[in-house]
Amino acid sequence: MAISDLFKRVSHAPTNPGVTAKPRQFDVAELYRGPVQLEDATEEAAQPLDEKLRQAYFWIVNNAVISPHYDIEYNDAPAQTYVLGSSKRVLTLPSAQSYSSYILLPLLTFATRRKCLFVGGPGRGKTASAILMGILAGYPVREVRRAMQHGHPQMTIADLLGNPLPADLVNAQDMESIRIAWRPWLSMRVKIVDEYNRIPTRTQSALLTVMGDNYAEVLGHIHECPESAWYLTANDDRGGGTYQVIEALRDRIDVIVQALAFNPRFLDELLLRIEENVRPEEVAPREIIFTEAEVDRIGEEIRAVTIPDPVRRRLAFFCGQFEFCETAGVQFEYMTKDTVRLSGVDWGQVVAADNGRDRLKDLGCQTKNGVSVRNLMTLLVFAKALAYFRGNGEATLEDLRQILPFVLHDKLQPDLEAPFFNIPENAGYRTDRLSWLRHLFDLSCDEFNRLDLDRSDPVRELAAEFALGLDGVSEHETRARLTKIERLVGALGKGRKLYGPLYDDLQKLKYLHQRYTNYLHWLRAR
């Protein structure tokens, strides 16, 4: 067997033998279909799309990209841990199937048609990994390479999007008569922008429109783009480069993946590729190539994955830790870090005016901002995608814990002057952003459990009561509920320092109070 054939092999053994078959969802359209098409039914039964996705992962990690860094760890039994070196760092040997983020996160981006940024030094395979994602979408290698946008300081909007036809410019009587020669990459389902931080600011704005709204505009002409998976590369994740990356463009990126250093223990694999003249992207097996319909169906199946209430509540509690800033405003609603950002006041002055909270205990003191709505939606989507990839119909807390650092990597900004980072044993968290975010989530979950919020959460009980609806609720009952809310507000705020989750609870109670107040006025008017 030729060496190139070895690179094309896809294992027929199940990639995750413990996965149970998902229940098949009934579709009412099936009642109106003709005779069963046995070939399609057999193909679907033989190759579930989540299994195909896992096969793509294992082909890439075993044959294409040399990445021995299994940093997304799962355990189904106690893991083996080893304390190493004078700094007492821990090496963990996971007891369940674990994954390399450098391969898995781009693959989940492909499945969900989101946006992924590769960061790392030159020559670490960022561009090659992005090209592999284009191959999975069924595009020839040459087409993927030619469609790739290479950032450079002279890049214009015309270079990025397209040019008006010269003859039309000369002869046109109005703007509508001018035709645009659009760039072919705009119509592709996988889009790659290499070194995006070398693109001029004005051209970045045009790129933002394509990324955020799926259309391109030149001289008033609109080109609609398909929903796509995006892959961008940069040599660092701070937005530096020839041009500073505009904030809105950075915010559109869903996950950030770090290209870790090459392990020279795998030098033989590199030598084999050189001697046999094998390029993995040119020998990708057709068994792992996805059609557009398959990617559409994967998206539907990922959205069908559920996130149970206990997981959602811990996520909400975590996100509630960070936005609150008591010294930022006078009115209750404006006591947020975003108010500070919009005001332009120096962050150090705001911190110095703090009123004596325990800055080591308060997790919110470790960050300069909070979690946005877009970040929350991305977290939910990728938690679903990770659970789907693992063959589960329900996302777990561990799925959320593993995916969260890659989503919030540059979204949750640390305050490196916070007391937490000044503790000697926490010094590594100043540079290791992923580990810090995961540790932050663990601390939040520990606090959630300490407060016993699964069993005792009066705010949640009042919200659940309101969610049942107001039909038939009498004026007497409405007044009783308003009184209950007012008493709880008084009890929660009595003699206590304000922290993020408590601030969110009080806002929720004010919201419920206002809804009942409006309903009471309606009852009286009726």
Side-chain angles (χ1 to χ4, degrees), residues 309-341 347 350-373 375-376 379 397 400 404 408 411-415 418-420 437 439-467 481-517:
D309 183 65
V311 176
R312 298 198 306 269
R313 295 186 64 213
R314 281 162 175 78
L315 175 60
F317 186 79
F318 169 79
C319 294
Q321 303 279 349
F322 306 111
E323 186 63 55
F324 171 67
C325 182
E326 188 170 359
T327 58
V330 177
Q331 187 170 335
F332 194 75
E333 284 76 8
Y334 298 111
M335 294 160 59
T336 66
K337 292 174 182 175
D338 200 48
T339 301
V340 177
R341 184 185 68 84
W347 176 251
V350 177
V351 172
D354 207 342
N355 60 355
R357 285 177 301 155
D358 187 340
R359 290 183 53 78
L360 191 58
K361 175 184 175 183
D362 184 7
L363 301 184
C365 291
Q366 296 184 33
T367 74
K368 293 182 177 180
N369 64 333
V371 180
S372 71
V373 174
N375 302 154
L376 266 171
L379 273 171
L397 185 64
L400 181 63
L404 180 142
L408 299 183
K411 302 301 190 297
L412 206 54
Q413 297 296 327
D415 181 3
F420 172 84
L437 287 165
H439 180 66
L440 204 58
F441 185 71
D442 290 342
L443 292 176
S444 175
C445 289
D446 289 343
E447 180 66 8
F448 184 95
N449 293 334
R450 187 189 71 81
L451 295 173
D452 199 20
L453 291 177
D454 274 326
R455 293 190 299 175
S456 177
D457 188 349
V459 177
R460 178 172 179 254
E461 293 170 4
L462 289 175
E465 183 179 49
F466 176 79
R481 294 185 184 184
L482 283 168
T483 301
K484 194 186 302 183
I485 291 171
E486 291 162 1
R487 288 176 178 171
L488 182 57
V489 170
L492 289 176
K494 188 175 182 180
R496 297 172 63 182
K497 294 290 183 183
L498 278 175
Y499 291 92
L502 177 57
Y503 175 74
D504 287 345
D505 285 348
L506 293 171
Q507 272 196 324
K508 179 73 173 184
L509 291 173
K510 182 176 180 178
Y511 164 82
L512 294 174
H513 191 276
Q514 182 60 205
R515 292 296 300 272
Y516 281 123
T517 299

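Nothing here was measured: the structure is a model prediction, and the numbers come from that model.
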Is there a donor-acceptor pair under 3.5 Å between the side chain of Asn449 and the backbone N or O of Asp446?
no

Correct closest heavy-atom pair for Ala418 and Cys365 would be CB-O, 3.3 Å

Using side-chain contact (heavy atoms from CB on, under 4.5 Å) as the criterion, point out the one residue from Leu397, Leu408, Leu363 that pairs with Phe441.
Leu397

For the atom pair CG (Leu412) and CG (Asn375), what is the distance rounded to the nearest 0.5 Å?
8.5 Å

Could you check whether any side-chain heavy atom of Gln321 comes within less than 4.5 Å of a side-chain heavy atom of Pro501, counting everything from C-beta outward?
yes

Under the salt bridge (Lys or Arg N to Asp or Glu O under 4.0 Å) definition, can you give me all pairs with a residue in residues 310-319, not counting sequence neighbours?
Asp309-Arg312, Arg313-Asp454, Arg313-Asp457, Arg314-Asp454

Can you name the nearest heavy-atom pair linking Ala353 to Thr327, along with the distance?
O-CG2, 3.2 Å

Hits for side chain to side chain donor-acceptor pair (under 3.5 Å) against Glu486, two or more places apart or cross-chain, chain-then-number order -> His513

What residues form a ring-ring contact (aromatic ring centres under 6.0 Å, His included) with Tyr499, not counting sequence neighbours?
none

Tell me, please, which residues at least two apart from Asp505 pass side chain to side chain donor-acceptor pair (under 3.5 Å).
none

Show, in sequence, the C-alpha distance, side-chain angles and deciding distance for Arg359 and Asp362, and conclude whether the salt bridge (Lys or Arg N to Asp or Glu O under 4.0 Å) test is met.
CA-CA 5 Å; Arg359 290 183 53 78; Asp362 184 7; over 6 Å; no

For the residue pair Leu315 and Leu376, establish whether any side-chain heavy-atom pair is separated by less than 4.5 Å.
yes

Any donor-acceptor N/O pair, Glu323 side chain to Lys337 backbone, under 3.5 Å
yes

Counting only heavy atoms not in Arg487 (residues, nucleotides, ligands), do more than 12 fall under 6.0 Å from its CZ?
no

Within this structure, what is the CD-CG distance for the pair Glu465 and Leu512, rounded to the nearest 0.5 Å?
9.5 Å

For Tyr511, give me all partners under ring-ring contact (aromatic ring centres under 6.0 Å, His included), at least two apart in sequence or on another chain.
none

Looking at Leu482 and Tyr516, what are the two nearest heavy atoms and their distance?
CD2-CB, 3.5 Å

Can you list the residues that meet the side-chain contact (heavy atoms from CB on, under 4.5 Å) rule with Leu451, with sequence neighbours excluded?
Phe317, Glu447, Leu453

Is the backbone of Tyr334 close enough, under 3.5 Å, to the side chain of Thr339 for a donor and an acceptor to pair up by distance?
yes

Starting at CG of Leu488, measure out to CG of Leu509 and round the result to the nearest 0.5 Å.
5.0 Å

Excluding sequence neighbours, so at least two apart, what forms ring-ring contact (aromatic ring centres under 6.0 Å, His included) with Phe322?
Phe318

Could you list the residues that satisfy side-chain contact (heavy atoms from CB on, under 4.5 Å) with Leu360, not counting sequence neighbours?
Asp358, Pro419, Phe420, Ile423

For Asn369, which residues count as a side chain to side chain donor-acceptor pair (under 3.5 Å) partner, sequence neighbours excluded?
none

What residues form a side-chain contact (heavy atoms from CB on, under 4.5 Å) with Gln507, not counting sequence neighbours?
Phe332, Glu333, Tyr503, Asp504

Partners of Gln514 by side-chain contact (heavy atoms from CB on, under 4.5 Å), sequence neighbours excluded?
Asn518

Residue set satisfying side chain to side chain donor-acceptor pair (under 3.5 Å) with Lys368, at least two apart, ordered chain then number -> none

Any Arg515 side-chain heavy atom under 4.5 Å of Arg481 side chain
no

